[in-house]
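One structure is given here, and the rest of the page talks about it.
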2 protein chains.
Amino acid sequence: MVRLVDVAKRCGVSVATVSKALSDKKDIGEETKEKIRKVCEEMGYFPNSSARTLKIKRSYNLGVLFVAEDDSGLTHDYFSHVLESFRMEAEASGYDITFIYSGQSPDGESLNAPVALRSMSYLERAEYRGVDGVLVACANYYQPEVMELISSNLPVVTIDHSFDHCSSVVSDNVRGMSDLIEFIYDRGHRKIAFIYGNNTSVTQNRIASYYRSLEERGIDPPDQYVRSAVYRNPKPSYDITLELLDLKNSPTCIIYPDDYACIGGLNAIKERGYRIPEDISVAGYDGVYISQILEPRLTTLRQNTEEIGRKAARKLISQVENPKTAIIEKIIVPGRLLEGGSVGILRS
Amino acid sequence: MVRLVDVAKRCGVSVATVSKALSDKKDIGEETKEKIRKVCEEMGYFPNSSARTLKIKRSYNLGVLFVAEDDSGLTHDYFSHVLESFRMEAEASGYDITFIYSGQSPDGESLNAPVALRSMSYLERAEYRGVDGVLVACANYYQPEVMELISSNLPVVTIDHSFDHCSSVVSDNVRGMSDLIEFIYDRGHRKIAFIYGNNTSVTQNRIASYYRSLEERGIDPPDQYVRSAVYRNPKPSYDITLELLDLKNSPTCIIYPDDYACIGGLNAIKERGYRIPEDISVAGYDGVYISQILEPRLTTLRQNTEEIGRKAARKLISQVENPKTAIIEKIIVPGRLLEGGSVGILRS
DNA sequence: CAGTGTAACGAAAACGTTTAAGATATGTCA
DNA sequence: TGACATATCTTAAACGTTTTCGTTACACTG
């Protein structure tokens, strides 16, 4: 590793001069700067981020806290897309990304681990690594550890959940659901069931929007039409779909918690020998890749994960760089309806 | 942030003593150690990783280089599972994870970025952040930048590609393909087509194993049965499937590059009005989640992503911690055949 | 009692930066 | 010409650790 002192020697100046030249301070002569830059290039100099972080207390490193409900972690379709986009935007601004997790090893037995690495909380971990800010994407925002992090004075941006003391980027679930209902209603459906996922604010918004959108159209769905299932899990949706199909007054369209759960429904429907969309219509949510390569393509609401990730990165970075002036706000990102072919036109 | 000097004052000892007590050196008295540990706990002391890294030149941080062919990055199903498992294992050993990427921002215009952040190569980035080792999972291992990293003296473990000067963890594609062929053959199929993906060593191994497994059974597949498509892309597989179905001597079973591509095939088959597995059989590869919730479940070869990620982490960490004695090796991880229901029994 | 060994701790340098404060030379102005 | 401002560079302290090398006190040995 070539250090400041190496290029200083080569240039015949002090390390301070080199340091200041590189950060373009105005008390260094222009031709000196030029020469230093040239030599740095030649020697392949790069600053040592640890030394730099230690001194200026800015690491240009962002933490990412990712705890999905089912431990799916990175493999979660929605979150991984958000993260990828977040990563790219952060990258473009010169930030690196480090995962944050509590260091509670199974046995506390990390033999070679750094000194005193008893389990840390998320916040402690973030401080230990000196990250400048943290992106929190997490199913259960009310864990004490998560709350501690969010309530700290570290810049934090949350995804799909809002607190009043930190910024958030949320997918517009209210609008998403109403778009879906509108589309389905316009195709003649009146008996629309909704199977929803785990209890989160996302789910609550979708349920509220479902009821409101129907109400606006003079529809009061029976209780049996609104059922609880599990995100990304086809089995509960499969079971409930069978029950819905067996109702005396069965729905003509079923909305699922997400595209994966929807596939459980598809299987139930096929099993009963019904065709989609001729005999019954279905709609998913998320618009994951798979939903658009199935036949028929799913009618679903694609959440704009790129935009969510990008805006989250921008917001977080702006908070890091302008701690005084950055505004705490809730950024709502609309999705887009993918028509697919799983919702049929109903005439009767 | 509470520092060493803070707990030193509180304990009435020097910082050196505290530092040594925490790393359990033998030249500190037992009761002193006990007291220091207690005070650290009370005050919530954690070391500053930057200072520590700067001094000891070990960051307890691992880099991850992820470049998929199609820029899917983290959203790549196979890699994201490997990474998740890698992360968990690293976490259990007290290591954090940071993404490595070249810092070439679109315009080189990261105004607030650290000093002199012109674009760095992967290696430079890794050195800049001081990571102890790097996991490389990447489609194109022959990019100069990737080669530079792999050829450096930084500990590196590669996934699904082997070089003789660094360790690798690879999925057993030879065995995987032969297991698949064996299963299909045993169910009576003799006309087995193989649509393969992009040209990588993984693909080459599968192709070779396909030919060899058939040869062992006295089968010499016609050239039209072995076709080139694209990983994770249903369209080419769709097109080729139609062509295969239209052959005079059409196959009774088609093996696809992966489960996603297989879905393209499924659509083609449905379009022709054939049933699976009654009229034609199909097999995927990977065993992704979606493949097991479709109806019929895909017959596919599940790659053991957890094991691959875990072994990669163990290997990398062992190389980091025992630079002298760690063995450079190629670790081969077998997959497991998932029977599914997409390969039927052929009698004639 | 002089010498030696050992246990327990501290002083200080070092890691590679940044930056406040100081130093030097040069130009400007009254 | 002396005072002062300005431009350019250097010195040195600081960031929070780790670790080498002392130092001190004490016990033991012959």
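In what follows, chains carry the letters A, B, and so on, assigned in the order in which the sequence lines appear, proteins first and then strands, with residues in each chain numbered from 1.
At the heavy-atom level, B/N48 lies under 4.0 Å from the strands shown only through sugar-phosphate atoms. No contact: A/V5 has no heavy atom under 4.0 Å from any strand. Heavy atoms of B/T53 sit nowhere under 4.0 angstrom from any nucleic acid atom. Residue contacts for B/S50: at a heavy-atom cut-off of 4.0 Å it reaches no nucleic acid atom on any strand shown.
For B/S14, whose side chain is taken as the heavy atoms from C-beta onward, the closest listed nucleotide among C/dG10, D/dC15, D/dT18 is C/dG10. For A/L4, counting side-chain heavy atoms from C-beta on, the closest listed nucleotide (C/dT17, C/dG16, D/dT11) is C/dT17. Taking only side-chain atoms of A/A16, from C-beta outward, the nucleotide of C/dT18, C/dT17, C/dT19 with the closest atom is C/dT19. Out of C/dG16, C/dA21, C/dG10, the shortest distance to the side chain of B/K20 is found at C/dG10.
Atom OH in B/Y128 sits about 16 Å away from atom P in C/dG16, given to the nearest Å. For A/R52 and D/dT17, the CZ to P distance is 20 Å, given to the nearest whole Å. What separates CG of B/L54 from P of C/dT18 is a distance of 12 Å, to the nearest Å. In this structure, A/E34 atom CD and D/dC9 atom P are separated by 13 Å, rounded to whole Å. Here D/dT18 presents its P atom at 14 Å from NZ of B/K26, a figure rounded to the nearest Å. Atom CE in B/M1 sits about 8 Å away from atom C1' in D/dG16, given to the nearest Å. Rounded to whole Å, atom P of D/dT20 lies 11 Å from atom CG of B/D27. Straight-line distance from the CZ atom of B/R3 to the C1' atom of D/dA14: 11 Å, rounded to whole Å.
In plain terms, the two heavy atoms of A/E329 and A/S167 that are nearest each other are N-OG, 3.0 Å. Minimum interatomic distance between B/V146 and B/N140 (heavy atoms only, all atoms of both residues): CG2-O, 4.1 Å.
Comparing A/T17 and B/A51 by the nucleotide of DNA chain D that holds the closest heavy atom to each, the one mapping nearer the 5' end is A/T17. Between A/I56 and B/E31, the residue whose closest nucleotide on DNA chain C is further toward the 5' end is B/E31.
Between A/L62 and the choices A/D96, A/V157, A/I100, A/L316, the side-chain contact (heavy atoms from CB on, under 4.5 Å) rule is met once, by A/L316.
A/Y45 does not carry A/R3 over the face of its six-membered ring by the limits of under 6.0 Å from the centre and within 45° of the normal.
Judged by distance alone, with hydrogens and angles left aside, B/K55 brings no side-chain donor or acceptor close enough to the base of C/dG16 to form a pair under 3.5 Å. The base of D/dT8 does not come close enough to the side chain of A/K25 for any donor and acceptor atom to sit less than 3.5 Å apart.
Distances shorter than 4.0 Å separate none of the side-chain N or O atoms of B/S19 from OP1 or OP2 on D/dT17. Residue A/Y45 places at least one side-chain N or O under 4.0 Å from the OP1 or OP2 atom of C/dT17.
Shown here is B/N153, whose CG atom has no more than 12 heavy atoms of other residues, nucleotides or ligands within 6.0 Å.
Ring centroid separation for the pair A/H81 and A/F79 does not come in under the 6.0 Å cut-off.
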